[in-house]
*Asks:* 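I have a structure here, written as structure tokens, and I will follow up with some questions on it.
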Amino acid sequence: MTDSHIARKRFGQNFLSDPNIIRKIVEAIRPRPDDVMVEIGPGLGAMTDPLLAALKHLHVVEIDRDLIARLHHNYPAERLTVHEGDALKFDFGSLGEKIRVVGNLPYNISTPLLFHLAAFADQVEDMHFMLQKEVVERMVAEPSSPEYGRLSVMLQYRFAMAKLFIVPPGAFRPAPKVDSAIVRMAPHAELPYPAKDEALLGRIVTAAFSQRRKTLRNTLRDFVAPEDWEALGMDAGLRAEALGVSEFVAIANRLADTLHHAKP
Ligand code: SAM
């Protein structure tokens, strides 16, 4: 096969081309021969090659038919299992009990993909992703910072996360417009603040951040009654950005108990 693939914008294709950056990413991942690993969006194989040098076998999920044909051509089926289709619909739970997930993710679907993957956290050992730097900063943000929001709370609820290093646009072909960063995510062995009803937690966090400048009294008025604020010992005059994961969980657990969430 020739090397003449034309990058498709609709699939968020920016291919890694800097060997030093590729080496640095694979070193951060530390693949071990027997890992059950899946790479999302292998593309032209920039990371697939060095990963397979360390692994006995690798799963990949790829949506682009031209790239899928190339992958079948370039790698033997016993080393590389190609799952053809949309990673947003892929059942990562079907791969095993302790899977490692990696990928230079298509940026246009990164947030829904992170939420999709969070659903499989019980079966995940760790995940390493390249994302837009700005998205990584939102993921790891602390309360009361401008980057802190729904993504921070919902991912920090389930994962310990670390921003590892920045990757400049020049490391890709074609070069994206923005900086990227590598993030490591590992599911908490035990949830530090377990929610009784995670769907309810998700609805509360979404509502609280839907209008960042408004107070919690306002954004959560369909959920939280004045006596709940009192019982929780929380100031309803604060904004969502002031609350940590533990406080959002406290609100959700209070409502799960008192069933004040009948309205929404
Ligand atoms: N890993 C390669 C690299 O680093 O050079 C390619 C990275 S490129 C940013 C994103 C890859 O994800 C492309 O190969 C693209 O075709 C694939 N992709 C895009 N949307 C996808 C989806 N919904 N499901 C699976 N793969 C997808």
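Atoms within a ligand are numbered from 1 in the order they appear, just like the ligands themselves. On a predicted model such as this, the values are computed, not experimentally measured, just so you know.
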*Asks:* Counting distance only, does the side-chain N/O of Q13 pair as donor-acceptor with the main-chain N or O of R8 below 3.5 Å?
*Replies:* yes

*Asks:* Tell me if a side-chain donor or acceptor on R79 pairs with a main-chain N or O of L55 at a distance below 3.5 Å.
*Replies:* yes

*Asks:* For residues 109-117, which side-chain donor-acceptor pairs fall under 3.5 Å, sequence neighbours excluded?
*Replies:*
| residue | atom | partner | partner atom | Å |
| --- | --- | --- | --- | --- |
| S110 | OG | Y107 | O | 3.1 |
| H116 | ND1 | L88 | O | 3.3 |
| H116 | NE2 | L88 | O | 3.3 |
| H116 | NE2 | F90 | O | 2.8 |

*Asks:* For ligand 1, run through the N/O pairs with the protein that fall under 3.5 Å and put one pair on each line.
*Replies:*
| residue | atom | partner | partner atom | Å |
| --- | --- | --- | --- | --- |
| ligand 1 | 1 (N) | G41 | O | 2.8 |
| ligand 1 | 1 (N) | P42 | O | 3.4 |
| ligand 1 | 4 (O) | N104 | ND2 | 2.8 |
| ligand 1 | 5 (O) | L16 | N | 2.8 |
| ligand 1 | 14 (O) | G43 | N | 3.3 |
| ligand 1 | 14 (O) | E62 | OE1 | 2.8 |
| ligand 1 | 16 (O) | Q13 | NE2 | 2.8 |
| ligand 1 | 16 (O) | E62 | OE2 | 2.6 |
| ligand 1 | 23 (N) | D86 | OD1 | 2.8 |
| ligand 1 | 24 (N) | A87 | N | 2.8 |

*Asks:* Taking it one step at a time, do I63 and E84 satisfy side chain to side chain contact (heavy atoms under 4.5 Å, CB included)?
*Replies:* CA-CA 6 Å; I63 201 168; E84 306 179 7; over 6 Å; no

*Asks:* Does the side chain of R150 pick up a donor-acceptor pair with the side chain of T206 at under 3.5 Å?
*Replies:* yes

*Asks:* Does R184 offer a backbone N or O that forms a donor-acceptor pair with the side chain of H128 under 3.5 Å?
*Replies:* no

